[in-house]
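All residue numbers refer to positions in the sequence shown, counting from 1. For ligands, and for the atoms within them, numbers begin at 1 and follow the listed sequence.
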Amino acid sequence: MRKQKFQWTHMTGGVCYYPEHWPKTLWADDLERMKKAGISVIRIAEFAWSLIEPQEGLFCFDFFDEFLNLCSEKDMKVIFGTPTATPPAWLTETYPEVLNCTLEGVPYRHGSRRHYNYNSATYQKLCARIVTEIARHYGQHPAIVGWQIDNELNCETSEFYSEADHTAFRAFLKQKYGTLDALNAAWGTVFWSQTYTEWSQIYAPRRVISNGYNPSMLLDYTRFVSDSARKFCKMQSDILRSYIRDDMFITTNGMFDRLDNHAMAEESLDVYTYDSYPSFAFGLDKNPKAPGALNDRDWSRSLIEVRSICPHFGIMEQQSGANGWFNRMEGPAPRPGQLTLWAMQSVAQGADYISFFRWRTCSFSTEMYWHGILDYDNRDNRKLAEATDFFRKLRTLDPVCGAENAAAFALVKDYENSWDTGIDSWHSRIASVSEYEIFAAAELNHTPFDMLYLRENTELADLRKYPVLVYPHPVMIDEQRANLLKEYVAQGGTLVIGCRAGYKDLTGKCVMLPQPGLLQELTGTDVRDFTFTSPNEEASYAVWNGETVETGVFNDILTPLEGTRVLATYGSSYYAGAAALTEHAYGKGRVLHLGSTFSRANAKQLLAYLGILEPFAAQITAPEGVEIVLREKDGKQFLFVLNFQPEAQTVTLHQEMTQLYDGTTAAGDVTLPPFGTAVYALN
Ligand code: GAL
């Protein structure tokens, strides 16, 4: 999103509410209690298609008219959802072609949600009609401030195999390649006699033996799914736009895979929102006690990614209770303090709107264990008390609204490489390890960073904002991106890349060039040998300045070309003594090439070597268990201090600061209670 079209001007508190789940006699009391708790906005209606169009073509607005009028009366603002995630039973019975299908072509039936496919012309028509009717009816409603399109596009599944998808995939490919010859060449279909001689022979993935798919085909399929979701969103956004007031915003809530969220936000949204459920980290299928597990702190990584889509985003669904469906996903309730901690984690990373999911736990159906603020008994409880206290604190953060996040470096990503990790397990293994470990090194050492997506419209200025770019594994690269990186370094930037760089093109085929391919001029290295580290050998390590540093799961054995300095050498395996980390001057800048994946230890050492570790060390000293984030606005700096530990933690403030929650000043040692948070204005 190059220019964010909508920004909150005040820190705003909200909640998700489902008037259709409750007797009308509860509505007024609910709205009044919400207002008392500090909630000024509610999101409604995103699953209410069957209420609004109970029969085909019959549109009934009495229910929401009555509810919205009550909202106006109680001065409650509303974000209205388009209900297209849940087509009614009459619709899927009459038009079964709208259903998404399994890989085997078996339709997903009515009874859950998100069972439609984006490409059915029938579904598009029916969605366009209901969105038009709703927008026409409510587009000027005084209580409504914004619109949410659908709900969590690509959640539940991001795979689509209906007949409409097969047809649309062919059309997508025809447009992309023009001829079958070009497609056959791009996919390398000569392998295993896969050559296509008619467009009709091509399908979205179907079951093949041993899952031995053509990876280039899967990559295009991923692009196709993203394209389909984007078009579906754009179709709704265009309709809304032509009926709603100019001061209303359009959003959707993410963030899910196989979807170019950046492009979708740019073309269809005014602001992006995210659904944050950090206690997924403690689910029964996880091991929160695994050595080095970051657990709920890992949500900061997703929030940083959301910020790359939209710097001043909102949280449409912030966890307020235990998560769970009746048959899956069991999670613990937030401990006292954690509800605030997780919401402040969102604010720290850039959110200016926090809306909890949900006001009251639904007492029936699939999500009856997805707990909200209130429980089934509807009494005041500790979660309501904590949410009320959080909203009070949030109001004190008004000066932070719209503030930018400070970043010591940018972690560079791009959709091609991210999508390839969903297909290519070699790529996925190195990419997931490195991103997590770089995040961990930065997070535990109080070194905030941004994510920067390289996209077609990325400009040099977007890169120049950062003194250091870490692009862990640009496995796939093209001339345009390589040239952009060259310009960035030539003008004085520092680029760090890891192993497996530049060995594929954007079709997913390996290039017949010395590695790192198009990046070789930048790195000044040659990769003549490479390997996954072997479980039969000692853990892979390198020696840097006499110290031993753990490397990772994959090692490129680097040969420095002329003028390239060796900073570290491998200490283990048959390549002991070979270069593991090099530095190459290029123009006014430099490129560090790490032959391995990133580990927590080598990433920390790299950040220290580059002089960007702990940028706020002069202001604050904090233990590893505490997250430090800084937001800045109009020359003012705001330090978020978040204790993720179940024990009290002490931080040291090296200058006098004002605690925003209560206006008191603080300096020296400050103890945060278990899961405690503080936000300081640097005086
Ligand atoms: C979100 C979704 C909500 C609700 C919640 C709990 O992913 O947007 O509608 O389902 O999860 O399952």
For this session: Establish, yes or no, whether a centroid distance under 6.0 Å links the rings of Tyr116 and Tyr123.
Result: yes

Exercise. Does Trp359 use its side chain to pair, donor to acceptor, with the backbone of Cys16 at less than 3.5 Å?
Worked result: no

Problem set entry | Geometric cation-pi criterion Arg360 and Trp22, 6.0 Å radius, 45° cone |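 Output yes; distance and angle both within limits.
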
For this session: On the 0 to 90° scale, with breaks at 30° and 60°, tag the Phe80-Tyr138 ring pair as parallel, tilted or perpendicular.
Result: tilted

For this session: Just say parallel, tilted or perpendicular for the rings of Phe439 and Phe449, cut-offs at 30° and 60°.
Result: perpendicular

Exercise. Mind checking whether Trp325 has an N or O less than 3.5 Å away from an N or O of ligand 1?
Worked result: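 There is such a contact, yes.
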
Problem set entry | Shortest protein heavy-atom distance from atom 8 (O) of ligand 1, along with the residue and atom involved | Glu317 OE2, 2.7 Å

Exercise. Are Arg223 and Tyr221 linked by a side-chain donor-acceptor pair shorter than 3.5 Å?
Worked result: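 Tyr221 and Arg223 do not have a side-chain donor-acceptor pair below 3.5 Å.
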
Provide the number and element of each atom of ligand 1 under 4.0 Å from a heavy atom of [X].
X: Asp275; answer: 8 (O)
X: Tyr277; answer: 5 (C), 11 (O)
X: Glu152; answer: 1 (C), 2 (C), 7 (O), 8 (O)
X: Phe47; answer: 9 (O)
X: Phe357; answer: 3 (C), 4 (C), 5 (C), 6 (C)
X: Asn151; answer: 2 (C), 8 (O), 9 (O)

Would you kindly specify which portion of [X] sits under 4.0 Å from ligand 1, judged on non-hydrogen atoms: side chain, backbone, both or neither?
X: Glu367; value: side chain
X: Arg113; value: side chain
X: Asn323; value: neither

Problem set entry | Candidates Trp299, Trp342, Trp370 - the one meeting ring-ring contact (aromatic ring centres under 6.0 Å, His included) with Tyr277 | Trp370

Exercise. Got a salt bridge between Arg297 and Glu443, using NZ or NE/NH1/NH2 to carboxylate O under 4.0 Å?
Worked result: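 Yes.
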
